[in-house]
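Notes follow the structure.
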Protein chains: 2
Amino acid sequence: MSSSTPHTQRDLKKARTRRALLDAGLALLEEQSLSSIGLREITRAVGISPAAFYRHFRDVADLGVALVEESLGSLHAVIRAGLTERSDDGERIDHLVDAIARFVREHPEHIRFVVRERHGGVAAVRTAIGSQLDRFAAEVAEVLARDEVSRGWSAEDLRMLGETYVDHMVMTASAFLDAALGEGPSEEAVAHTARRQLRLISFGRRHWISDAATPAP
Amino acid sequence: MSSSTPHTQRDLKKARTRRALLDAGLALLEEQSLSSIGLREITRAVGISPAAFYRHFRDVADLGVALVEESLGSLHAVIRAGLTERSDDGERIDHLVDAIARFVREHPEHIRFVVRERHGGVAAVRTAIGSQLDRFAAEVAEVLARDEVSRGWSAEDLRMLGETYVDHMVMTASAFLDAALGEGPSEEAVAHTARRQLRLISFGRRHWISDAATPAP
DNA sequence: GCGCTCGGCGCACAACTGTTTACTGAGAAC
DNA sequence: GTTCTCAGTAAACAGTTGTGCGCCGAGCGC
């Protein structure tokens, strides 16, 4: 999107092995965490010599950072579409949850990576994911600001709401992933719970009072 | 609490180096993830020979599982107290958030460990944390069931609510930790956001309609 | 076509890993 | 006081790791 990609067949080849490295790393991350993956392990999986790795990345951590952009870039578009699509609350929730479920089904390794490394052992990757999710939250907040229910909401409250949504999405995606691998509840159950949680938030939103003390229950 | 602890001074010594191993592991986990920590690395930090490790744990993963019980055991009591303490919603939220903040200040390494390994690269530890948090969610649900607002809530809905609370606690604790290390927003800011999110949930709770279709906003 | 660029290779290097083996010696048991 | 238990040791094992070096040789610009 930003780098110049000269169409010479040599750069093409380079881009292809770079892809292979990224894919191999992603695959290995299914059962390990980034900080325990060896450079040699990756090159072995790709079928190139260890030294060749340095032609593409400085570090394994560097490869990790590259994976962050890739993984969250695609999710980005999906969620944004899912949120904007319908303004009716019930349908919107269903669509959003479905969108997440579909994404997890199509890119399981990507979200596995994000969830695992969000609080993982590699600082650079952690902060990369963090700032990506921050931008994400801001965007969601912006979309939600357009709803009628958001009238009178302060920017800060909207921001908080956006973070809540993003965190919920990540957790839901993670739960879907577990479901797909047979660990934890079924996909239906996860979707069910996710919808109810979104509904809970939705109710809270509709009756939100920004500053007043909350009455006793 | 469960194991027989003969007061012979030899078992005492053994228990002490076991503690040292656990502490060393916890300390190393501050900047790495469990799957990348070496057995030798731990024994070196403690000052014993690598082979001595096997007198206490079969694996590094085994040590990890032991850390899970320890880390979440203490949090358990704290949160339960924080939740039960006050029935007024506003005060309860404040107390809960304060309790989390205090806990993070007192046991930063423990929650660091839990957050990092919850979705980390070691399956055994992952499931140990998962089941611990599950029990946790059930307990929270039970406490919340005693509120007046929970009249008419199905067991399933309560369970969902409990999970929401637990997830929120973990995320908040993680945010507090980041704050303490100077990454991300300040502790005050984290507490502020956490309180608002809890308030949002609280509003949602009060206006919850279990099955009916949600009206347009 | 000639020279240059540069992705990839092979090899060497020192450092490290987990695990086993036979052992020592302080303390328990009787 | 003698015997047994067992946490911890030292040494060796075969692998593995990241990184540096010099060298190809296919493809590029010209």
Side-chain angles (χ1 to χ4, degrees), chain A residues 3-25 27-29 31-67 117 120-125, chain B residues 3-25 27-29 31-67 117 120-125:
Chain A
S3 63
S4 59
T5 40
H7 56 296
T8 128
Q9 69 181 111
R10 210 166 41 173
D11 298 76
L12 253 172
K13 177 77 178 174
K14 174 166 185 179
R16 240 195 280 139
T17 72
R18 190 189 137 99
R19 261 253 58 85
L21 285 170
L22 289 169
D23 289 342
L28 288 170
L29 269 156
E31 317 211 327
Q32 277 169 88
S33 48
L34 187 63
S35 65
S36 70
I37 292 189
L39 177 155
R40 291 180 108 108
E41 205 171 347
I42 299 176
T43 59
R44 197 182 309 132
V46 172
I48 64 177
S49 87
F53 181 91
Y54 296 103
R55 304 286 184 197
H56 302 271
F57 304 100
R58 197 173 323 164
D59 253 347
V60 181
D62 196 27
L63 182 146
V65 174
L67 278 175
E117 299 301 327
V122 182
V125 172
Chain B
S3 63
S4 61
T5 40
H7 57 296
T8 129
Q9 70 181 111
R10 208 161 50 167
D11 299 75
L12 254 173
K13 177 76 178 176
K14 174 165 185 179
R16 241 195 279 138
T17 72
R18 189 188 137 99
R19 261 253 59 82
L21 285 169
L22 289 168
D23 288 342
L28 288 170
L29 268 156
E31 317 210 328
Q32 277 168 90
S33 48
L34 187 62
S35 65
S36 70
I37 292 189
L39 177 155
R40 290 180 108 107
E41 205 171 348
I42 299 176
T43 59
R44 198 182 309 132
V46 172
I48 64 177
S49 87
F53 182 91
Y54 296 102
R55 303 286 184 196
H56 301 271
F57 304 101
R58 196 173 324 170
D59 254 346
V60 181
D62 196 27
L63 183 146
V65 173
L67 279 175
E117 300 301 327
V122 182
V125 173

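Order of the sequence lines fixes the chain letters, A, B, ..., with proteins taken first and strands second; residue numbering starts at 1 for each chain.
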Spacing between [X] atom [atom1] and [N] atom [atom2], to the nearest angstrom:
X	N	atom1	atom2	answer
B:Leu34	C:dG18	CG	P	12 Å
B:Arg55	C:dT19	CZ	P	15 Å
A:Phe57	C:dG8	CZ	P	11 Å
B:Asp62	C:dG18	CG	P	15 Å
B:Ile37	C:dG18	CD1	P	11 Å

Below 3.5 Å between N/O atoms, which protein atoms pair up with nucleotides 28-30 of chain C? Just atom names and distances, please.
from, atom 1, to, atom 2, distance (Å)
C:dA28, OP1, B:Thr8, OG1, 3.4
C:dA28, OP1, B:Gln9, N, 3.0

Atom pair CD1 (A:Ile42) and CD1 (A:Ile48), whose distance is rounded to the nearest 0.5 Å: 9.5 Å
Spatial distance of atom CZ (A:Arg19) from atom NE2 (A:His56) [nearest 0.5 Å]: 12.5 Å
Hey, does [X] reach any base, or is it just sugar-phosphate, or nothing, if we go heavy atoms under 4.0 Å?
X	value
B:Phe53	nothing
A:Arg44	sugar-phosphate
A:Arg18	nothing

Closest-nucleotide 5' rank along DNA chain D - winner of B:Arg40 and B:Thr17: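 The residue mapped nearer the 5' terminus is B:Thr17.
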Outermost nucleotides of DNA chain D that come under 4.0 Å of a non-hydrogen atom of chain A: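 Endpoints of the contacted stretch of DNA chain D: D:dT17 to D:dC28.
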Contacts of type side-chain contact (heavy atoms from CB on, under 4.5 Å), residue A:Arg10, not counting sequence neighbours: A:Thr8
Donor-acceptor contact below 3.5 Å, side chain B:Glu117 vs main chain B:Leu34: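 Indeed, once roles are kept as given, a pair shorter than 3.5 Å links the two residues.
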